[in-house]
**Student:** 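This is the structure, below, for whatever I ask next.
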Amino acid sequence: MGKDRKDIDWVITLVPFILIIALCIMFFIMPEQSKILLERIRTLFGDTFGIYYLIIGLGVFLISLYLALSKYGNIVLGGKSEKPKYTFFKWGAMMFTCGLAADILFYSFSEWILYASDPHISELGSVQEWAGVFTLFHWSFIPWSLYLVLAVAFGFMIHVRKRDRQRYSEACRFLIGRHADGIIGRIIDLLAVFALLAGTATTFSVATPLMSILIEKIFHIQCDRNIITVVILVITCIIYTISLLHGIKGIGRLADICVYLFFGLLGYVLIFGGQTRYIIETGFESLGRMMQNFIVLSTNTDPLRTSGFPQNWTIYYWAYWMVWCVATPFFIGRISRGRTIRQTILGGYIFGVGSTIMSFIILGNYSMGLYVKNVFDFVAQYNESGDLYQVIFNIIDTMPGASVVMIVVLITMIAFYATSFDSIALVASRYCYKKLGEDQRPDKKIELMWCILLILLPIALLFADSSMSNLQSVSIIAAFPIGIVIILIIISFFKDIREYERGNKNE
């Protein structure tokens, strides 16, 4: 069932639109000045106040364990006897693909290379011992806990409390009361939408050049890589727009295709890549070392800045996942109807973290095995050229049936992006309404507007020749205020579920 345009909140709809257009113009006209400004703000937030992100990350992870293992874990996100709407596989597939799945695939190939030359790895030991540890740490339990804790908070708000304002401000209502309808609520929602756009811009800008180089090599196209990237963005936009206009059913079908392609790729590399024993044993060892050092890794601040490793990587990743917490947890919360809080959190760790770890262990250890055995020096290739995308192509080119693998990787990444962004566009469209019931859908014109809006900033960043540092800066800056809002939502959620539990005891 649709919704009237008179119910649209034009402030939340138009202010982000105007802001993004302004930022696009700024990145086009003043790329160098924009870079300097971003770097200064990033230094303040990411370096001076970097511990803030680390505390939130570890704190939310501990809260996730408490929610899953405490009495609150029995609360059903829906009616008390309601059953899950989706099977575990379909639910897990939609949950995994609606987030950073395309980035997970991209970084799985290459992240250990980025760490290999970092002085912090030399401080700790060798590439073999530690590069794989950090890839697992940065993409597993703490990042996914940010999704899952907020997902149960939003799921409780939507399915149990039946709230008809699906926004960050509404999730804070039990704490800030009537201020959720006033200026404080408006500020919270505008910050959330800005963070949403910053996160999507960052993820699109990071990995789409890999898709461009794959197209260049597969089809032997000789033209400007930026032009190919824009074409990919437009094609992806068309795919996720079509999927979105078919609602959750369309998103679910696309998610199933993504997951089959993804696991098929992992299985092929594991079995036929020639590094099976090394992949399994190194992955097992890295996972054990990560678990053994989990608290140390979570609290490392490098106060003397001997390497700057946590500032360059851990803080960036926590910020990156935090800006994605605007849309993804809402979507996970919506599809988790009928599941308990315990099932949602532990199931999310099993499917989400499990799939992520498998990707990094198999794809990352495949190339790292070739490096440590002196077959291919991918680290030297990266240090010489600085072109990570070309290095990833070189990695794929070493695989048996490389041309087929390239096509599968390309299709999977496009499908992952489409699934991620149709779920984001769906949530963002719902954000535009003053009130929207659980079974009501936004106007299709609003959904179409968001589908287009989500690719504008990535294109601007692309033509501004944004470096990895610039893209990191966008996420770190946007995540700073969102961290405060996440804390408010969690406090409000605990107050709400305590009230709910007391109400049940009195019945």
Side-chain angles (χ1 to χ4, degrees), residues 55-96 98-99 139-163 166 168 170-175 291 294-295 298 318 321-322 324-325 328-357 438 485-507:
I55 291 172
I56 291 176
L58 181 58
V60 172
F61 171 68
L62 296 175
I63 288 169
S64 75
L65 298 181
Y66 173 74
L67 282 171
L69 302 177
S70 69
K71 62 180 180 179
Y72 299 124
N74 297 319
I75 296 174
V76 178
L77 301 178
K80 293 181 181 178
S81 58
E82 193 169 352
K83 299 299 180 185
K85 185 175 181 179
Y86 303 102
T87 65
F88 180 73
F89 179 82
K90 182 171 283 294
W91 173 77
M94 286 193 289
M95 174 186 61
F96 180 68
C98 78
W139 292 86
S140 58
F141 295 102
I142 287 180
W144 276 94
S145 72
L146 292 165
Y147 278 180
L148 297 171
V149 169
L150 292 180
V152 297
F154 297 147
F156 185 82
M157 177 184 83
I158 296 168
H159 303 307
V160 179
R161 293 305 198 185
K162 304 294 182 182
R163 307 261 174 82
Q166 295 177 30
Y168 257 33
E170 187 65 25
C172 298
R173 181 174 294 278
F174 216 82
L175 180 64
M291 299 296 288
F294 187 81
I295 298 298
S298 303
W318 287 189
W321 285 75
M322 284 164 64
W324 271 79
C325 281
T328 303
F330 262 114
F331 185 77
I332 296 173
R334 282 182 58 77
I335 64 173
S336 297
R337 181 171 182 170
R339 298 185 184 278
T340 64
I341 288 176
R342 180 176 297 113
Q343 289 171 339
T344 302
I345 292 175
L346 297 184
Y349 280 140
I350 291 169
F351 202 106
V353 174
S355 301
T356 305
I357 285 177
E438 185 180 350
V485 180
I486 288 173
I487 294 170
L488 295 178
I489 291 172
I490 292 173
I491 294 172
S492 180
F493 173 55
F494 271 101
K495 289 172 68 71
D496 201 1
I497 57 174
R498 287 192 186 112
E499 182 69 24
Y500 175 78
E501 287 285 281
R502 281 196 292 269
N504 285 343
K505 286 180 182 178
N506 295 330
E507 287 182 358

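A quick note: this is a predicted structure, and the numbers were derived from the prediction, not measured. Values below: all heavy atoms of this structure, side chains included; hydrogens, waters and symmetry mates excluded.
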**Student:** As an exercise, state the distance from OH of Tyr86 to CD1 of Ile335, rounded to the nearest 0.5 Å.
**Tutor:**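 Between Tyr86 OH and Ile335 CD1, I get 7.0 Å after rounding to 0.5 Å.
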**Student:** Applying the ring pair (Phe, Tyr, Trp, His ring centres under 6.0 Å) test to Phe61, which of Tyr66, Phe294, Trp144 qualifies?
**Tutor:**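 So the option named by the test is Phe294.
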**Student:** Under the side chain to side chain contact (heavy atoms under 4.5 Å, CB included) criterion, do Tyr349 and Ser64 qualify, and how do the steps go?
**Tutor:** CA-CA 10 Å; Tyr349 280 140; Ser64 75; 2.7 Å; yes
**Student:** Rounded to the nearest 0.5 Å, what separates atom CG in Leu58 from atom CD1 in Ile295?
**Tutor:** 5.5 Å
**Student:** Could you give the distance from CG (Leu146) to CD1 (Ile486), rounded to the nearest 0.5 Å?
**Tutor:**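 Taking CG in Leu146 and CD1 in Ile486, the distance rounds to 6.0 Å.
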**Student:** Give every residue pair that meets the side chain to side chain donor-acceptor pair (under 3.5 Å) criterion with at least one member in residues 68-77, sequence neighbours excluded.
**Tutor:**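 Applying side chain to side chain donor-acceptor pair (under 3.5 Å) to every pair that reaches into residues 68-77, excluding sequence neighbours, yields Asn74-Arg342.
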**Student:** What distance do Met157 atom CE and Leu150 atom CG have between them, rounded to the nearest 0.5 Å?
**Tutor:**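 Reported to 0.5 Å precision, the distance equals 11.0 Å.
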**Student:** Thinking salt bridges, do Glu501 and Arg498 make one under a 4.0 Å N-O criterion?
**Tutor:**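 No.
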**Student:** What's the verdict on salt bridge (Lys or Arg N to Asp or Glu O under 4.0 Å) for Glu499 and Arg502, showing C-alpha distance, side-chain angles and the deciding distance?
**Tutor:** CA-CA 5 Å; Glu499 182 69 24; Arg502 281 196 292 269; 3.0 Å; yes
**Student:** Between Ser298 and Phe141, does a side chain to side chain contact (heavy atoms under 4.5 Å, CB included) hold up when you go through it step by step?
**Tutor:** CA-CA 11 Å; Ser298 303; Phe141 295 102; over 6 Å; no
**Student:** Taking it one step at a time, do Tyr147 and Val60 satisfy side chain to side chain contact (heavy atoms under 4.5 Å, CB included)?
**Tutor:** CA-CA 10 Å; Tyr147 278 180; Val60 172; over 6 Å; no
**Student:** Leu67 and side chain to side chain contact (heavy atoms under 4.5 Å, CB included): which single residue from Ile345, Leu148, Ile75, Thr344 fits?
**Tutor:**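 Of all the options given, the one that passes is Ile345.
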**Student:** Apply side chain to side chain contact (heavy atoms under 4.5 Å, CB included) to Val152 and Phe493, showing your working.
**Tutor:** CA-CA 9 Å; Val152 297; Phe493 173 55; 4.1 Å; yes
**Student:** Just how far is it from atom CD1 of Ile63 to atom CD1 of Ile487, taken to the nearest 0.5 Å?
**Tutor:** 8.5 Å
**Student:** If only atom types and distance count, is the side chain of His159 paired as donor or acceptor with the main-chain N or O of Arg334 below 3.5 Å?
**Tutor:** yes
**Student:** Tell me which donor-acceptor pairs under 3.5 Å the side chains of residues 87-95 have, and how far apart each pair is, sequence neighbours excluded?
**Tutor:**
residue	atom	partner	partner atom	Å
Thr87	OG1	Lys90	N	3.2
Lys90	NZ	Asp256	OD2	2.6
Trp91	NE1	Ser336	OG	2.9

**Student:** So, for Ser492 and Arg173, which heavy atoms are closest and what is the spacing to 0.1 Å?
**Tutor:** OG-N, 3.9 Å
**Student:** Can you see which heavy atom on Val76 is nearest to which on Glu82, and at what distance?
**Tutor:**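 Result for this residue pair: CG1-O, 4.0 Å.
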**Student:** Parallel, tilted or perpendicular, judged at 30° and 60°: which one describes the rings of Phe154 and Tyr168?
**Tutor:** tilted
**Student:** If every non-hydrogen atom of Ser145 is compared with every non-hydrogen atom of Gly57, which pair is closest and at what distance?
**Tutor:** OG-O, 4.2 Å
**Student:** Provide the closest heavy-atom pair for Ile489 versus Ala153 in the form atom of the first, atom of the second, distance.
**Tutor:** CG2-CB, 4.2 Å
**Student:** How long is the span from the CG atom in Leu346 to the CG atom in Leu65, to the nearest 0.5 Å?
**Tutor:**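 Spacing of CG (Leu346) from CG (Leu65) equals 8.5 Å.
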